[in-house]
Amino acid sequence: MKTIMQSLEELKKNIENPELKTKINLVEDAFRKLRTKSGLSGLVKKKKLRKILKTVEYEEELIKLQIELIKLQNWVFENKKRVMIIFEGRDAAGKGGAIKRFAEHLNPRKYRVVALPKPTEVESGQFYFQRYFRHLPDPGEIAFFDRSWYNRAIVEPVFGFCTKEQYEKFIREVPEMENALIDDGIILIKFWFSISKETQKRRFEERMRNPLKQWKLSPVDKKAQELWDQITYYKEEMFSKTHTSYSPWIIVNSNDKKTARLESIRYVLSQIPYEGKEKAKVSLHPDPDIVQRYHRKNIQLD
């Protein structure tokens, strides 16, 4: 197979037009520069090419991490472990996109994505956790929760979907309930995907412009910016009352969606002692500037 340079050289021999020969010489010169560090860095200064290179790097890193996720899933299945990963965060924080990348290459028979609609009339009269308990992971399974029982910690009180008594009862009960699940052997990870108010506004505007994403906008989403401060209050209350040593909140800076996806996957891989972990061809140490355990003195993005 001929190289590009050989093909250009042949083309030049068969062309008599001096103007075309000059253009081919320029193309040859550009390809020679690509072989040097200075030439490549000069091209990278152009915004579009820099973006392309960043995307290529992201995809390569993602594939390596997803290979590790397959190894983790096999270990979970073979050892009958139960893994539950909760994704919480404000609207448009990137929870769904992150779950999609987690599950993209996993065996669909060994994991579930749980994204429950609003409760039915019957469910509204049940023990609050009942409808969620139906979806707890079985032995050998990973369950990804796109929102969870923590709806009652923020969404429901902010929008008036629960009473003050129901909210206070939930806040008292949830640490004990999670302790019981963990004590029973469930590996529980709780993510909060954190974004700035400006990032959320920009993502909402992108959804409104994109007909393929308009379905993501709900009446609740449309009030998210208006109720930003109220949501912040309940979020901080949730952290202070439900962040425990055995079930900590893990904060993910998701102003950059791609980085948030990579680092949240990396965090999960770092927490579970799956077989073959030591042979990973990718770093399993999450960036502490992107993923960190909640601390009360931390200044949160949102």
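All of these numbers come straight from a predicted model, not from anything done at the bench. The chain is numbered in sequence order, starting from 1.
Between Phe145 and Tyr132, the ring planes lie tilted relative to each other; the angle falls in the 30° to 60° range. Aromatic ring pairs are classed by plane angle as parallel below 30°, tilted from 30° to 60° and perpendicular above 60°; the pair Tyr150 and Trp249 is perpendicular.
The backbone N or O of Ala93 lies less than 3.5 Å from a partner atom in the side chain of Ser254, making a donor-acceptor pair. In terms of modelled atom types and a separation under 3.5 Å, the side chain of Lys277 and the main chain of Ser270 share a donor-acceptor contact.
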Practice prompt. Kindly indicate, with the supporting measurements, whether the criterion salt bridge (Lys or Arg N to Asp or Glu O under 4.0 Å) is fulfilled by Asp256 and Lys54.
Written response: CA-CA 12 Å; Asp256 183 316; Lys54 187 178 178 182; 3.5 Å; yes
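For Gln200 and Gln225, the side-chain atoms include at least one donor-acceptor pair closer than 3.5 Å. Under 3.5 Å, the side chains of Asn253 and Ser194 contain no donor-acceptor pair of N or O atoms. A donor-acceptor pair shorter than 3.5 Å can be found between the side chains of Thr232 and Arg90.
No chain of hydrophobic side-chain contacts below 4.5 Å, direct or via other Ile, Leu, Val, Met, Phe, Trp or Tyr residues, connects Ile63 to Val282.
Arg147 has a carboxylate O that lies under 4.0 Å from a charged side-chain N of Asp91, or vice versa, which qualifies the two as a salt bridge. Under the 4.0 Å criterion applied to side-chain N and carboxylate O atoms, Glu61 and Arg266 are assigned as salt-bridge partners. With respect to the salt-bridge test (charged N to carboxylate O, under 4.0 angstrom), the residues Glu178 and Lys190 qualify. The existence of a salt bridge linking Glu104 and Lys100 is excluded, since no basic side-chain nitrogen approaches an acidic carboxylate oxygen closer than 4.0 Å. Electrostatic pairing of Glu141 and Arg82 does not count as a salt bridge here, judged by no charged N lying under 4.0 Å from a carboxylate O. Using a 4.0 Å cut-off between charged nitrogen and carboxylate oxygen, Lys64 and Glu60 do not count as a salt-bridge pair.
Screening Pro137, Pro248, Ser247 for a side chain to side chain contact (heavy atoms under 4.5 Å, CB included) involving Leu188 leaves a single residue, Ser247.
Considering only residues two or more places apart in sequence or on other chains, Lys71 meets the side-chain hydrogen bond (donor to acceptor under 3.5 Å, both in side chains) condition with Glu68.
Smallest separation of non-hydrogen atoms from Ile231 and Ala224: CD1-O, 4.1 Å. Shown here for Phe144 and Ala103, the closest heavy-atom pair between the two residues is CE1-CB, 4.4 Å. Considering all non-hydrogen atoms of both residues, Asn255 and Ser196 come closest at OD1-N, 3.0 Å. Closest of all the heavy-atom pairs between Tyr111 and Val113 is CE1-CG2, 3.8 Å.
With ring centers used as reference points, Tyr167 lies under 6.0 Å from Tyr234.
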